[in-house]
Amino acid sequence: MIRSGGGMHLKEQWIREGFSSYYVVKKEQKLTYEKNILYNHTLPCLLPCEFRIEDGEEYYYYETGIYTKLKDRISMLEPKLFFAYLLEVFEQVASYLLELDHLKLDLESMFLDKEDRPVLCYLPEYEKKIDEQLRDFIEECIEYISGDDKKRVRFYYEFHSFLIKEKPNMEQMKDYLEVRSEKMNGEILREKTKNEESKSAQNMQENLSDLIRDEKDSPEKDEIKIYEKTPKRILILIGKIISVVGCFCSILGIVYFVLKIFEYGFYYLFLIGSLVSIAGLGVSVYGCYKLWKKNKNPKTFVDSWQKTENAAELLDEKTILLEDEDDRTVLLLEEPIGRLVPKNPEQKEIVLDDDGFVIGRSTQGTDHQLEGTGISRRHIRFYKEDGNVCCEDLDSTNGIKINGVKLNGKKNKKAVLKEGDCIKIGLEEFYFKQD
């Protein structure tokens with residue numbers, strides 16, 4: 001599904017690829033700092049962006065399919081909270097020295113994450129004053145939301161009027177939203193209470209359904225849970241009663257035998273009886289102490305079989321990790337399988353010091369990070385096969401070229417390398433040298 005449009009003379013379109021959706025804009029300018037921020041940014045408030053080359057032209061690909069459209073939820077959002085989040089986005093973008101005028105504020109290109117926080121498109125090709133965009137955005141929201149929701153409509157009108165009359169800066173807008181939040185604090189608390197009650201009821205229902213499902217699926221675990229919950233409490237209660245009765249009887253026994261000793265002298269039966277009573281008192285007091293401590297810490301014996309299994313799994317994982325570290329130590333001691341000499345003298349030589357050496361722009365899952373236009377997160381892998389050094393395209397967007405021949409697709413993904421072969425990764429070119 002492709003929809004073309006033209007905002008601020010932009011050549012833009014919406015593209016769906018499988019389960020992913022993208023907002024695509026043709027790149028017109030040569031960018032440095034802003035392009036690098038878009039390429040490697042970690043700002044959760046901006047749409048993830050990657051650069052693709054098609055027919056010699058470069059495009060911005062903003063991934064949108066992982067978010068919810070703002071248009072679909074604007075009627076359900078608390079407006080003052082949403083705009084408070086939006087001001088936080090402005091501050092984060094400004095902290096990276098990016099221009100706020102390059103943000104796109106409209107219902108079509110704004111999205112929400114799982115916490116209903118706004119996610120915006122930062123487009124260096126687009127430029128419109130952020131205060132004008134904010135006013136236009138509020139007008140668009142007023143036209144879109146239902147007129148029956150007087151509370152939201154009133155807020156949008158008042159906020160729009162405040163922006164026009166006062167022309168506030170960031171701090172003044174934050175102060176305005178805080179005043180509004182104080183006036184409506186009671187309503188927010190009531191709404192939060194209702195939401196928490198509904199969530200708690202839903203969680204209880206889910207827990208009950210999970211318990212019923214567990215009873216059907218695993219009778220052995222069910223027996224353990226029943227033993228842990230119901231009989232355990234009964235046994236503790238019975239133990240307490242027995243300990244208290246034992247203490248009382250032991251005290252009576254001690255008093256009885258001591259009186260008999262005073263009356264008849266140190267007869268051995270009275271002496272043995274008093275010692276037994278003292279021992280019984282000690283046992284009963286110790287039992288009371290242990291049961292009281294167990295009751296204070298009710299986690300005893302809970303999920304003991306799970307803890308045992310988890311401990312065993314943890315030991316297995318640690319053992320595997322140690323084995324992997326030993327293997328890596330051995331591999332590092334081997335000779336490199338080759339080198340990539342860059343055609344551009346400003347770049348550094350890449351030593352392929354491992355069988356299965358991966359190059360890409362991501363810092364995770366790669367052995368060498370290579371930044372540049374058209375390079376995917378995990379782009380190419382080098383490995384040894386039958387004594388030859390081979391390379392494999394890792395389903396990259398723009399593929400690989402070996403001596404001008406493109407490797408891309410399921411049928412043509414691998415190639416055997418020879419001394420002096422020219423390898424093109426994105427727009428970067430290297431010569432292969434075999435050590």
**Message:** On the six-membered ring of Y59, is R52 placed so that its NZ or CZ lies under 6.0 angstrom from the centre and within 45° of the ring axis?
**Reply:** no

**Request:** May I ask you to establish whether R339 and F430 are in a cation-pi arrangement, using a distance under 6.0 Å from NZ or CZ to the six-membered ring centre and at most 45° from the ring axis?
**Result:** no

Distance flag, aromatic centroids of [Y] and [X], threshold under 6.0 Å:
X: F432; Y: F382; answer: no
X: Y126; Y: H102; answer: no
X: F159; Y: F83; answer: yes

[X] side chain vs [Y] backbone, donor-acceptor pair below 3.5 Å:
X: S396; Y: G399; answer: yes
X: Y144; Y: I74; answer: no
X: S376; Y: R378; answer: no
X: Q172; Y: N169; answer: yes
X: T64; Y: Y23; answer: no
X: S161; Y: E158; answer: no
X: D353; Y: P336; answer: no
X: D355; Y: K384; answer: yes
X: R152; Y: L77; answer: yes
X: H379; Y: L370; answer: no

Regarding [X] and [Y], does a basic nitrogen lie under 4.0 Å from an acidic carboxylate oxygen?
X: K128; Y: D101; value: no
X: E88; Y: R117; value: yes
X: D395; Y: K413; value: yes

**Message:** What I want to check is whether the side chains of Y60 and E50 have a donor and an acceptor closer together than 3.5 Å.
**Reply:** no

**Prompt:** Are a donor atom and an acceptor atom from the side chains of E428 and Q347 found within less than 3.5 Å of each other?
**Reply:** yes

**Prompt:** Which residues satisfy the salt bridge (Lys or Arg N to Asp or Glu O under 4.0 Å) test with E392, sequence neighbours excluded?
**Reply:** R381

**Item:** All salt bridge (Lys or Arg N to Asp or Glu O under 4.0 Å) counterparts of E371, not counting sequence neighbours
**Value:** none

**Prompt:** Would you say E419 has more than 12 foreign heavy atoms packed within less than 6.0 Å of its CD?
**Reply:** yes

**Item:** Partner of V153 by side chain to side chain contact (heavy atoms under 4.5 Å, CB included), out of Y156, F155, Y157
**Value:** Y157

**Item:** Beyond-backbone contact of K104 with S109, side-chain heavy atoms, under 4.5 angstrom
**Value:** yes

**Asked** Are L47 and L120 close enough that some pair of their side-chain heavy atoms sits under 4.5 Å apart?
**Response** no

**Request:** I would like to know whether E57 and K26 meet salt bridge (Lys or Arg N to Asp or Glu O under 4.0 Å); could you show each step before the answer?
**Result:** CA-CA 8 Å; E57 299 288 341; K26 184 179 178 181; 3.6 Å; yes

**Request:** Calculate, to the nearest 0.5 Å, the distance between atoms CD1 and CG belonging to I337 and L352 respectively.
**Result:** 5.0 Å

